[in-house]
Undergrad: 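Can you read through this structure? Questions will come right after.
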Amino acid sequence: GTVMRGTVRNITNFGVFVEIEPGIDGLVHISDLSWTKKVRHPGELVKKGQEMDVVVLNIDTDERRISLGHKQVETNPWTHFTEVYAPGTETEGTIVRLEDDNVIVNLPLDVEATIPSSELKHGSDENMRRYYPLGEKLTGLRIVRCDPSQKEIVASETASEVEAERAKVAQERQVKRAKRDEERADVREYQKQAAASGPTTLAELSGLEALKSKMEAQEAAAAEAADDAAAESAATSEGEEPAEEEDNS
C-alpha cells in the first residue's frame, strides 16, 4: 500500500492509534511496529505526538476500523537476516539489556539477539551482571538459531571456545591415530620383511653349514695328510741305524 504519514494520538498495550487524516485514526498493532524488535510495550518505540510512517493493511467498514502497519513501510529484513545470521556464523554484539539472566545484544544489522545464561561465560556467576554492563561489546559470538517467525536470534558466547576445544581434541586424536597407524604399518613392514628374509636366512644358514662342512672336510683331509706324512716319516726312520754316541769317558 501507499506510505502515509500520520501522528501518534494514543498508545495502548496492544498498539498505537495514528491519525492519518483529520478525524480518521487507524491502529498499528504491536506486532506490526517492528520486523526486528520484540516489543513488550509500544511505548518503548513511539511517543505520543510523534509523526509516523504507516501503510493501510485493512479497512473494516462495518467496524469502522482501519488496520495500519508501520513495519510494512520497509521490506521484511528477515530474509536477509536468515542469510547473514545463519547458525554457526560468528558475529559480535553490543549489550542493550539483561532479561532473566539472559543477555540481549544488538547485532551489526540493528537486530537483537538473545544470549541465554547457559551460553554465557559468566552465566553461572552470582555476580554475572557486573560482567555484562550495558554498552559493552561482546566479540566472538556464535549464532545458534535464527527464527524469523518468532523474530528470534539466539547467540552463544561459549560455542566458539567449545568448538575450538573440540577441534583441538579431535586434532590430538587424529595425531594419535596417525601415529598408531604408522606404528602398525612399521610392524607390518617389519613382519613382511622378516617373512621375506626368512628363506634367505635359511639359505644363509645352509650356506654356512656347507662352508662349515667344507672347512671340516679340508681339516680332515689336512689331518689325514699330516697322518700319512707322519707315518711315512716313521717308516723311513725305521730302516736307518741309529747313530752311536761317542763315549768320551
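Keep in mind that the numbers below use all heavy atoms, side chains included, and drop hydrogens, waters and symmetry copies.
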Undergrad: Which residue pairs satisfy the ring pair (Phe, Tyr, Trp, His ring centres under 6.0 Å) criterion with at least one member in residues 73-100, sequence neighbours excluded?
TA: Trp78-Phe81
Undergrad: At what distance, to the nearest 0.5 angstrom, does CG of Asp186 lie from NZ of Lys179?
TA: 11.5 Å
Undergrad: Give the cluster check for Ile95 versus Leu120: same hydrophobic cluster or not, with ILVMFWY residues linked at side-chain heavy-atom distances below 4.5 Å.
TA: yes
Undergrad: Out of Leu68, Val55, Val56, Val18, which residue meets the side-chain contact (heavy atoms from CB on, under 4.5 Å) rule with Met4?
TA: Val56
Undergrad: Just verifying a value: how many Å separate Arg173 CZ and Arg180 CZ, rounded to the nearest 0.5 Å?
TA: 11.0 Å
Undergrad: Please name all residues satisfying side chain to side chain donor-acceptor pair (under 3.5 Å) with Asp101, sequence neighbours left out, ordered by chain then number.
TA: none
Undergrad: Please name the pair of heavy atoms, one in Ala86 and one in Ile143, separated by the smallest distance, quoted to 0.1 Å.
TA: O-CB, 3.7 Å
Undergrad: Among pairs that include at least one residue of residues 80-89, which meet salt bridge (charged side-chain N to carboxylate O under 4.0 Å, His left out), considering only residues two or more places apart or in two chains?
TA: none
Undergrad: Salt bridge (charged side-chain N to carboxylate O under 4.0 Å, His left out) with Glu99: which residues, sequence neighbours excluded?
TA: Arg40, Arg97
Undergrad: Under the 3.5 angstrom rule, does the side chain of Trp35 hit a backbone N or O of Pro77 as a donor-acceptor pair?
TA: no
Undergrad: List for me each residue that meets side chain to side chain donor-acceptor pair (under 3.5 Å) alongside Arg5, sequence neighbours excluded, and say none if there are none.
TA: Glu51, Asp53
Undergrad: Mind checking what makes salt bridge (charged side-chain N to carboxylate O under 4.0 Å, His left out) contact with Lys47, not counting sequence neighbours?
TA: none
Undergrad: What pairs with Asn102 under side chain to side chain donor-acceptor pair (under 3.5 Å), at least two apart in sequence or on another chain?
TA: none
Undergrad: Given salt bridge (Lys or Arg N to Asp or Glu O under 4.0 Å), test Glu92 with Lys137 step by step and report yes or no.
TA: CA-CA 7 Å; Glu92 56 183 31; Lys137 183 177 272 190; 3.3 Å; yes
Undergrad: For the CZ atom of Arg142 and the CD1 atom of Ile115, what is their distance to the nearest 0.5 Å?
TA: 13.0 Å
Undergrad: Would you sort out whether Glu165 and Thr158 count as a side chain to side chain contact (heavy atoms under 4.5 Å, CB included), showing the intermediate values?
TA: CA-CA 11 Å; Glu165 190 56 40; Thr158 55; over 6 Å; no
Undergrad: Do Ile59 and Arg65 pass the side chain to side chain contact (heavy atoms under 4.5 Å, CB included) test, and can you show the C-alpha distance, the side-chain angles, and the key distance before you say yes or no?
TA: CA-CA 6 Å; Ile59 297 174; Arg65 186 186 294 161; over 6 Å; no
Undergrad: Atom OH in Tyr132, atom CG in Leu98: separation rounded to 0.5 Å?
TA: 9.0 Å
Undergrad: So, are Glu152 and Arg145 salt-bridged, with charged N and O less than 4.0 Å apart?
TA: yes
Undergrad: Identify whether Leu57 and Ile20 are in the same connected component of the hydrophobic contact network (ILVMFWY, side-chain heavy atoms under 4.5 Å).
TA: no
Undergrad: Taking all heavy atoms of Glu157 and all of Leu141, pick out the closest pair and write down the distance.
TA: CA-CD2, 3.9 Å
Undergrad: Do Phe14 and Leu45 belong to the same hydrophobic cluster, where Ile, Leu, Val, Met, Phe, Trp and Tyr are linked whenever their side-chain heavy atoms lie under 4.5 Å apart, directly or via other members?
TA: no
Undergrad: Of all residues at least two apart in sequence or in a different chain, which pass the side chain to side chain contact (heavy atoms under 4.5 Å, CB included) check with Lys48?
TA: Asn10
Undergrad: Around atom CD of Glu74, are there more than 12 heavy atoms from other residues, nucleotides or ligands closer than 6.0 Å?
TA: no
Undergrad: Any non-hydrogen side-chain atom of Val28 less than 4.5 Å from a side-chain atom of Val8?
TA: no
Undergrad: Name all residues meeting the side chain to side chain contact (heavy atoms under 4.5 Å, CB included) criterion together with Asp62; count only those two or more places apart in sequence or in a different chain, and write none if there are none.
TA: Asp60
Undergrad: Do Asp32 and Gln72 have side-chain heavy atoms sitting under 4.5 Å apart?
TA: yes
Undergrad: Can you name the nearest heavy-atom pair linking Lys37 to Ser34, along with the distance?
TA: N-OG, 2.9 Å
Undergrad: Among all residues two or more places apart in sequence or in another chain, which pass the side chain to side chain donor-acceptor pair (under 3.5 Å) test with Arg129?
TA: none
Undergrad: Does Thr61 reach the main-chain N or O of Arg64 with its side chain, forming a donor-acceptor pair under 3.5 Å?
TA: no
Undergrad: Which atom pair, heavy atoms only, marks the closest approach of Gly43 to Ile11?
TA: N-CG2, 3.9 Å
Undergrad: Does Val187 reach the side chain of Glu182, with side-chain heavy atoms less than 4.5 Å apart?
TA: no
Undergrad: Looking at side-chain heavy atoms only, is the closest gap between Arg130 and Asn127 below 4.5 Å?
TA: yes
Undergrad: Within a strict 4.5 Å, meaning less than it, do heavy atoms of the Glu112 and Thr36 side chains meet?
TA: no
Undergrad: Looking at every heavy atom in both Pro148 and Thr82, which two are closest together, and how far apart are they?
TA: CG-CG2, 3.4 Å
Undergrad: Can you run down the salt bridge (charged side-chain N to carboxylate O under 4.0 Å, His left out) pairs that involve residues 8-29, sequence neighbours left out, and say none if there aren't any?
TA: Arg9-Glu19
Undergrad: Apply the side-chain contact (heavy atoms from CB on, under 4.5 Å) test between Ile153 and each candidate in Thr114, Asp147, Val111; give the one that qualifies.
TA: Val111
Undergrad: Report the C-alpha distance between Val54 and Val3 in whole Å, list the side-chain angles of each, state the deciding distance to 0.1 Å, and finish with yes or no for side chain to side chain contact (heavy atoms under 4.5 Å, CB included).
TA: CA-CA 6 Å; Val54 292; Val3 178; over 6 Å; no
Undergrad: Identify the two heavy atoms, one from Val16 and one from Pro42, that lie closest to each other, and give their separation to 0.1 Å.
TA: CG2-CB, 3.6 Å
Undergrad: Consider only side-chain heavy atoms of I, L, V, M, F, W and Y, link residues closer than 4.5 Å, and tell whether Val103 and Val144 are in one cluster.
TA: no
Undergrad: How would you list, by chain and number, every residue that makes a ring-ring contact (aromatic ring centres under 6.0 Å, His included) with Tyr131, sequence neighbours excluded?
TA: His122
Undergrad: Under a single-linkage definition using a 4.5 Å side-chain heavy-atom cutoff for Ile, Leu, Val, Met, Phe, Trp and Tyr, are Leu134 and Leu107 assigned to the same hydrophobic cluster?
TA: yes
